[in-house]
Engineer: 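First, the structure itself, so that you have it in front of you.
Here is how names work: the chains are called A, B, and so on, in the same order as the sequence lines, proteins then strands, and each is numbered from 1.
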Amino acid sequence: MNREEILKYLSDLLTDEERKEFEKRLETDAELKNEYETLANKLQTLKQNAEPETNEIYFRNLQPSIRAKRNKRSMWKYVPQISFAITAVIVIYLFGFSSSIEKKESSFALDTAIISNLGDEIGDYFATPLEEEFLYLYSISDSEESSIEDILLLNGETHINELDAYEIPVIDDYEFLENISESEFEALLAEIDNFNLL
Amino acid sequence: MKEKPDFELIKNFLAGSEQAFNELVKRYQTRIYWHARRMLGNHIDADEVTQEVLIVLYDKLKTFKFNSSLYTWIYRITSTRSLNYIRKKKIKSLFSIDDVMEKEVSYERDIIQNIDDKIKLDKVEKLLQELPPKQREIFILKNFEELSYNEISEITGKSVGTLKANYFHALKKITEKMENE
């Protein structure tokens, strides 16, 4: 019972009248006085124990660490702006890059179409290995080229076989064809002519 | 040399004097730390909240209205931050298992040098942690900071009547626990 009253007194929950009454009893009631003093002492000890001596270095270092933390935070404050700027740069770069890819792709498509068309034309031309070898004859005059074509483009395989059979220098020897002079080529044509290949 | 009053230091700080702010920090850092420490029960958490409070002080001092005293304003920030920290930690602890490890680290890094003092403080902190945070806050402000109910009311925003009742319950619990030890 005393305890409850003491706690109410310490918490200032007693009315003025109750408080006066309690303070009067404290002077006369030894038991109450003893209990009150024990409790008050315990609370005082609790307070003393809660305020020990501390390492002052911690408090000396507090300000610099706050300053560092604040600076760090002020840097982070700009993160949204920086990240926005970076995102914008990336988007612009990607947009530009993708359009350049598109450009490249479209240019590639065009090139492919041209090559394909050319391929169709050249492909016909490259129909046989024999005809392929005649690319090297482009360095010669148009009339000479066309006469060779006339001779050989009729049926490549057959001609090769026939050329082999008659031991005519094989015109798949690129170097040979590249290096022969116009007069030699004339002679070659004449020789082919002589074999009545046509 | 006579100490400059708080309002003068605030004015100087708002006029650009870092020195004035440093002076305010020196004046209040111990009180902030100990209030946070008693609320949170260990050095690491108290250190974090203390730093937070001082940063808030730096950033928000320009919004300080001279209606109340600076120390009640600082206590209000410290109390609010501590209570928020407790809430966050409670949520965190539901998903974490390294609470024991944290306590060990906290013990190692403590700023109390004397081992006897450390043991005594440990007991006080354990007792305080038995109280619900709001009761703890009032008990600390009344019993350790020796603030009046009116001052605590200014800090917590609670009526004096509620504070008295809360303090009574806190006191009852603490004294019971002390006797059972």
Side-chain angles (χ1 to χ4, degrees), chain A residues 1-19 22 26 31-79, chain B residues 18 21-22 25-26 29-30 32-34 37-38 43 47-48 50-55 57-59 109-114 116-125 127-128 138-140 142-146 148-149 160-161 163-172 174-176 178-179 181:
Chain A
M1 193 61 206
N2 279 348
R3 171 60 60 90
E4 195 86 358
E5 254 192 301
I6 295 167
L7 293 177
K8 277 185 180 173
Y9 176 73
L10 290 171
S11 307
D12 201 18
L13 276 172
L14 299 175
T15 61
D16 280 354
E17 219 171 286
E18 285 168 337
R19 187 167 46 82
F22 180 81
L26 265 184
E31 199 188 329
L32 179 70
K33 193 184 177 191
N34 184 42
E35 202 172 337
Y36 172 78
E37 281 176 354
T38 309
L39 197 65
N41 284 340
K42 276 185 178 175
L43 289 172
Q44 189 57 34
T45 310
L46 192 73
K47 190 176 180 294
Q48 280 167 1
N49 290 346
E51 287 172 350
E53 215 172 285
T54 53
N55 185 352
E56 283 308 306
I57 295 169
Y58 167 73
F59 290 106
R60 272 208 296 275
N61 291 336
L62 205 50
Q63 280 193 41
S65 47
I66 293 157
R67 202 173 296 127
K69 218 171 182 177
R70 233 173 42 217
N71 290 340
K72 207 174 163 187
R73 279 192 190 177
S74 61
M75 273 170 64
W76 280 102
K77 218 163 69 176
Y78 297 108
V79 165
Chain B
E18 286 281 322
F21 180 74
N22 293 345
V25 171
K26 265 188 207 165
Q29 60 185 8
T30 318
I32 295 168
Y33 173 82
W34 279 111
R37 170 115 191 206
R38 287 162 194 152
H43 169 67
D47 174 44
E48 204 170 320
T50 304
Q51 292 195 30
E52 280 288 323
V53 171
L54 292 174
I55 290 169
L57 197 65
Y58 188 91
D59 292 336
R109 286 193 207 163
D110 209 337
I111 58 166
I112 316 300
Q113 290 166 317
N114 185 294
D116 284 343
D117 286 351
K118 210 181 245 189
I119 293 165
K120 283 176 190 169
L121 180 67
D122 214 33
K123 277 186 184 173
V124 177
E125 283 171 343
L127 264 177
L128 291 173
I138 293 154
F139 184 79
I140 291 165
K142 181 90 177 79
N143 204 64
F144 299 119
E145 311 297 338
E146 294 180 334
S148 70
Y149 280 125
V160 171
L163 292 175
K164 282 179 182 178
N166 272 322
Y167 182 67
F168 170 79
H169 289 296
L171 205 54
K172 199 175 177 184
I174 290 279
T175 48
E176 276 169 11
M178 279 162 83
E179 271 162 18
E181 271 182 355

Engineer: For B/E146, is it the side chain, the backbone, both or neither that has a heavy atom under 4.5 Å from a heavy atom of chain A?
Structural biologist: side chain
Engineer: Roughly how far, to the nearest 0.5 Å, is CG of A/L10 from OH of B/Y167?
Structural biologist: 6.5 Å
Engineer: Are the side chains of A/I66 and B/Y58 in touch, meaning some heavy atoms are under 4.5 Å apart?
Structural biologist: no
Engineer: If you measure from NZ on A/K8 to NZ on B/K172, what distance do you get to the nearest 0.5 Å?
Structural biologist: 9.0 Å
Engineer: What residue in B/D117, B/L163, B/D59, B/N143 has the most heavy-atom pairs under 4.5 Å with chain A?
Structural biologist: B/N143
Engineer: Provide the closest heavy-atom pair for B/I112 versus A/P52 in the form atom of the first, atom of the second, distance.
Structural biologist: CD1-CG, 3.6 Å
Engineer: Can you tell which part of A/I57 gets under 4.5 Å to a heavy atom of chain B, answering side chain, backbone, both or neither?
Structural biologist: neither
Engineer: Is a donor on one side and an acceptor on the other found under 3.5 Å between the side chain of B/K164 and the backbone of A/D12?
Structural biologist: yes
Engineer: With a 4.5 angstrom heavy-atom cut-off, is it the side chain or the backbone of B/T50 that approaches chain A, or both, or neither?
Structural biologist: side chain
Engineer: Against chain A, label B/I140 side chain, backbone, both or neither, depending on which of its atoms sit under 4.5 Å from a heavy atom there.
Structural biologist: neither
Engineer: Under 4.5 Å heavy-atom distance to chain A, tell me which part of B/N22 shows up: side chain, backbone, both or neither.
Structural biologist: both
Engineer: Please, which pairs that meet side chain to side chain donor-acceptor pair (under 3.5 Å) have at least one residue in residues 47-67 of chain A, sequence neighbours excluded?
Structural biologist: A/T54-A/E56, A/Y58-B/D47
Engineer: What pair of heavy atoms forms the shortest contact from A/A50 to B/L121, and how long is it?
Structural biologist: CA-CD1, 3.8 Å
Engineer: Please tell me if the side chains of B/I111 and A/F59 come closer than 4.5 Å, counting only heavy atoms from C-beta onward.
Structural biologist: yes
Engineer: Does any non-hydrogen side-chain atom of A/L62 lie less than 4.5 Å from one of B/L54?
Structural biologist: yes
Engineer: Of all the heavy-atom pairs spanning B/F168 and A/L13, show the shortest one and how long it is.
Structural biologist: CB-CD1, 3.4 Å
Engineer: Do you know which of B/K123, B/E52, B/E18 has the most heavy-atom pairs under 4.5 Å to chain A?
Structural biologist: B/E52
Engineer: Does anything in residues 34-43 of chain A get under 4.5 Å of chain B by heavy atoms, and if so which residues?
Structural biologist: A/L39, A/K42, A/L43
